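Structure first, then comments.
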Amino acid sequence: MAEQSESAYEAFLGERRARIMERVAGAARRSGRATGDVLVEAVSKTVDVPAVVDAVHVGYDTFGENRPQELTRKLAGLASVPEAQPVRFDMIGNLQTNKINQVLGHVGLIHSVSSLHLAQAVSKRAVAHGLVEPILLEINVSGEESKSGMSCDQAVASLDEVLALPGLSLQGLMTMAPRDEPDEARRTFSGLRGLVEDLRGRSGLALPVLSCGMSDDFQIAIEEGSTLVRLGRVVFSEDYTFDADR
């Protein structure tokens with residue numbers, strides 16, 4: 001972040017948010033939906049507490065963190081900031097079983113339940129704390145070895161076991177697309193939409209959340225049915241190039 005006053009950075013965030021929301025509205029319209037059907041989550045993992053406060057001032061109310069220890073630090077830093085109450089944080093990164101207790105009860109949604117084993121671990125700890133934790137299953141639609149998550153077949157096979165776990169509330173699915181490959185990103189997001197439609201039919205549940213789309217591909221994701229986009233660089237970085245074709 002460039003050296004500048006807090007008010008100048010807040011002004012930048014507000015201007016950038018307006019440009020983001022124009023694109024969200026256009027993509028939602030192309031998918032036959034309203035802007036309000038898509039939640040824009042600001043991924044705050046690379047910024048500090050003052051930047052989150054500035055983001056709250058310009059209209060963001062949902063943030064994503066990918067490390068439990070950073071989530072804890074941000075929550076502590078915001079605890080004494082009246083305008084940041086209530087602000088929702090989600091856990092969007094890989095979650096190790098020994099970090100689950102740092103997350104439970106402190107987030108609106110865990111996006112990254114990437115296996116039946118992790119779902120079982122979250123369930124066990126949620127029950128021990130008397131909680132019902134909203135979760136998404138992380139799906140590796142593209143099949144990339146570098147990405148975590150269940151395959152589509154694994155999600156179908158484990159659905160009944162996940163739904164039977166106490167202390168969990170399955171809200172939908174999450175995925176990430178290959179970077180810098182718009183056509184493959186579209187296939188990935190379309191595949192996630194097809195999978196959630198299948199799981200809805202099998203379970204009878206609404207499964208309303210499709211978490212997909214990041215800074216470089218969020219418009220494609222919304223066109224393919226995303227209800228939650230996770231935006232980091234495009235929200236917070238002044239160096240991000242917001243090309244007209246994005």
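Everything numeric in this text was worked out from a predicted model, so none of it was measured.
Put simply, CE on M176 and OG on S146 are 8.0 Å apart, with the number rounded to the nearest 0.5 Å. Here the CE-CG distance, from M91 to L136, works out to 12.5 Å after rounding to the nearest 0.5 Å. Note that OG of S226 and CZ of R33 are 7.0 Å apart. Values are rounded to the nearest 0.5 Å. Considering CD1 of I222 and CZ of R29, their distance stands at 11.5 Å, rounded to 0.5 Å. Within the model, atoms OG of S80 and CD of Q85 stand 8.5 Å from one another, a figure rounded to the nearest 0.5 Å. To the nearest 0.5 Å, the span separating OH on Y9 from CG on L13 amounts to 4.5 Å.
For the ring pair (Phe, Tyr, Trp, His ring centres under 6.0 Å) condition, no pair includes a residue of residues 187-210, sequence neighbours left out. Identified under the ring pair (Phe, Tyr, Trp, His ring centres under 6.0 Å) test for residues 72-109, with sequence neighbours left out: F63-F89.
Under the rule for a side-chain contact (heavy atoms from CB on, under 4.5 Å), the partners of E83 that lie at least two apart in sequence or sit in another chain are V53, H57, V81. Listed by chain and residue number, D48, E70 satisfy the side-chain contact (heavy atoms from CB on, under 4.5 Å) test with R73 (two or more places apart in sequence, or in another chain). With sequence neighbours left out, D37 forms a salt bridge (charged side-chain N to carboxylate O under 4.0 Å, His left out) with no residue at all. R200 meets the salt bridge (charged side-chain N to carboxylate O under 4.0 Å, His left out) test with no other residue; sequence neighbours excluded. In this structure K147 satisfies the salt bridge (charged side-chain N to carboxylate O under 4.0 Å, His left out) test together with E144, sequence neighbours excluded. Residues satisfying the salt bridge (charged side-chain N to carboxylate O under 4.0 Å, His left out) test with E224, not counting sequence neighbours, are R186, R193. For S44, the side-chain hydrogen bond (donor to acceptor under 3.5 Å, both in side chains) partners at least two apart in sequence or on another chain are E65. For the side-chain contact (heavy atoms from CB on, under 4.5 Å) test, no residue two or more places apart in sequence or in another chain qualifies with K124. Evaluation of the side-chain contact (heavy atoms from CB on, under 4.5 Å) rule for S203 yields L159, L163, L205, L207 as partners, not counting sequence neighbours.
In the hydrophobic clustering of ILVMFWY residues, with side-chain heavy atoms under 4.5 Å counting as a link, V107 and L39 come out apart. A single hydrophobic cluster is seen to contain both V52 and L231, as judged by linkage of ILVMFWY side chains at heavy-atom distances under 4.5 Å, directly or through other members. L170 and V113 fall within the same hydrophobic cluster, where Ile, Leu, Val, Met, Phe, Trp and Tyr residues are linked whenever their side-chain heavy atoms come under 4.5 Å apart, directly or through other members. Hydrophobic clustering of Ile, Leu, Val, Met, Phe, Trp and Tyr side chains at less than 4.5 Å, counting indirect connections, keeps M174 apart from V141. The same ILVMFWY cluster, assembled from side-chain heavy atoms under 4.5 Å apart, contains both V235 and V229.
Using modelled atom types, one side-chain atom of S115 and one backbone atom of L118 make a donor-acceptor pair closer than 3.5 Å. A donor-acceptor pair is defined here as one N or O able to donate and one able to accept, closer than 3.5 Å; such a pair exists between the side chain of T227 and the backbone of L210. Not a single donor-acceptor pair under 3.5 Å links the side chain of R67 to the backbone N or O of G93.
In terms of heavy-atom proximity, D216 sits nearest to R233 at OD2-NH2, 2.9 Å. The nearest pair of heavy atoms linking S215 to V234 is OG-N, 3.1 Å. Considering every non-hydrogen atom in both K99 and P68, the closest pair reads CB-CG, 3.6 Å. When all heavy atoms of L78 and A84 are compared, the closest pair comes out as CD2-CB, 3.9 Å. I139 approaches C152 most closely through the heavy-atom pair CG2-SG, 4.1 Å. Of all non-hydrogen atoms in S211 and L192, the two that sit nearest each other are O-CD2, 4.5 Å.
In this model, a donor atom of one side chain and an acceptor atom of the other lie less than 3.5 Å apart for S148 and E138.
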For residues 125-134, dump all side-chain donor-acceptor pairs below 3.5 Å to protein atoms at least two apart in sequence or in another chain.
unit_1	atom_1	unit_2	atom_2	d
R125	NH1	A121	O	3.3
H129	ND1	R125	O	2.8
E133	OE1	G105	N	3.4

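In this structure, L165 and E161 have side chains that are not in contact, with every pair of non-hydrogen atoms separated by 4.5 Å or more. Contact annotation: the side chain of P178 approaches that of T188 to within less than 4.5 Å [non-hydrogen atoms, C-beta and beyond]. Side-chain contact between V162 and L116 is present, with heavy atoms from C-beta onward closer than 4.5 Å. A 4.5 Å side-chain heavy-atom check between D90 and L228 finds at least one atom pair inside the cut-off. Residues V40 and M21 are in side-chain contact: their nearest non-hydrogen atoms beyond the backbone lie under 4.5 Å apart.
Note that R17 lies in the cation-pi zone of Y60, set by a 6.0 Å cut-off to the ring centre and a 45° limit from the axis.
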